[in-house]
Structure formats: C-alpha cells, structure tokens
**Q** 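Encoded as structure tokens, here's the structure I'll be asking about.
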Amino acid sequence: MKTFFSRKADERYTFGHDLKSEIVRYGQDFDKGGSATGAMHRGWMDVKAWFSADNDEAMLEESITGEKAAVEEYKEVLNEVSLPTTTVTLLTKQMNKISTDLSSIKRLEDVL
C-alpha cells in the first residue's frame, strides 16, 4: 500500500503542475498558494504521513473521502465554467484517473 499511495501523491503533484501549465498557456496567472491543486497535493502528502501511524483502515477512509471530494470539485468546474477544449480534456483525464483510483482504494479497503 505504501508504494501505491506514494505513487498517487506524486501523480497528484504532477496534476497540479499540468494545471498550472495549462493556465499559463492561456496567458493567465495562477495562485501560488491555497489553490485546489495545492490542497489536493497537501491532502495526498497527509495520506503519506498516515503510514507512520500504521492505521491502514483510517488511512483508506481518509483517502476515499479526499478522492470523492476531488471528483466532485472537478465535476463542478467542468459543469459551471466555460473552458477551452484542451483544459476540458486535461480536467476530464485527471478526474477519470482519480475516479479509477477511488475504485482501487475501495477495493483495498474491502480486503482489510
């Protein structure tokens, strides 16, 4: 599980950088702190910290909660904001990956 969650934390970090690059591509500035992508990355870093507590069930529950919240935030942005096609594609790809990961985390939880 540690490898899985470390990989997910790195992936979410990359998601944030991809979103920042997309913002810059359209000539916009991005908030360097307090952004949704930053919160997502911090959340995954918190998940990594759970490993020191050796509480697998609590860690999985927290991960599920965070992933559900992330998917909902992506859906809200995609439904409420008019975005360029490349941005919609990027957000949809990231949201789908998070949804797939959510299913994986739920399966891990079922095993415990």
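Heavy-atom basis, side chains included; hydrogens, waters and symmetry copies ignored. Nothing here was measured: the structure is a model prediction, and the numbers come from that model.
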**Q** Under the salt bridge (charged side-chain N to carboxylate O under 4.0 Å, His left out) test, which residues partner Lys75, sequence neighbours left out?
**A** Glu72

**Q** Would you indicate whether the side-chain heavy atoms of Leu83 and Val77 approach each other to under 4.5 Å?
**A** yes

**Q** Is any side-chain heavy atom of Leu91 less than 4.5 Å from a side-chain heavy atom of Glu22?
**A**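 No; the side chains remain at least 4.5 Å from each other.
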
**Q** Roughly how far, to the nearest 0.5 Å, is OG1 of Thr100 from CE of Met95?
**A** 10.0 Å

**Q** Side chains of Thr85 and Thr89, heavy atoms from C-beta outward: is any pair under 4.5 Å?
**A** yes

**Q** Do Gln94 side-chain atoms and Phe15 backbone N/O form a donor-acceptor pair below 3.5 Å?
**A** yes

**Q** If you round to the nearest 0.5 Å, how far is CG of Leu60 from OG of Ser104?
**A**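 Ser104 atom OG to Leu60 atom CG measures 11.5 Å (nearest 0.5 Å).
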
**Q** For the residue pair Phe4 and Asp101, what are the closest heavy atoms and their distance?
**A** CZ-O, 4.4 Å

**Q** How many angstroms lie between atom CG of Asp18 and atom OG1 of Thr87, to the nearest 0.5 angstrom?
**A**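 One gets 11.5 Å once the value is rounded to the nearest 0.5 Å.
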
**Q** Less than 4.5 Å apart, side chain to side chain, heavy atoms only: is that true for Val81 and Glu76?
**A** no

**Q** So do Lys97 and Lys8 actually touch side chain to side chain, heavy atoms under 4.5 Å?
**A** yes

**Q** Does a side chain donor of either Thr86 or Tyr26 reach within less than 3.5 Å of an acceptor in the other side chain?
**A** yes

**Q** side-chain contact (heavy atoms from CB on, under 4.5 Å), that's the test. Do Asp10 and Thr14 meet it? Break it down for me.
**A** CA-CA 6 Å; Asp10 292 342; Thr14 300; 5.6 Å; no

**Q** Could you walk me through whether Lys68 and Glu73 pass the salt bridge (Lys or Arg N to Asp or Glu O under 4.0 Å) check?
**A** CA-CA 9 Å; Lys68 285 180 180 179; Glu73 188 168 339; over 6 Å; no

**Q** Using 0.5 Å steps for rounding, measure from the CG atom of Leu90 to the CZ atom of Arg25.
**A**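 If we round to the nearest 0.5 Å, Leu90:CG and Arg25:CZ are 8.0 Å apart.
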
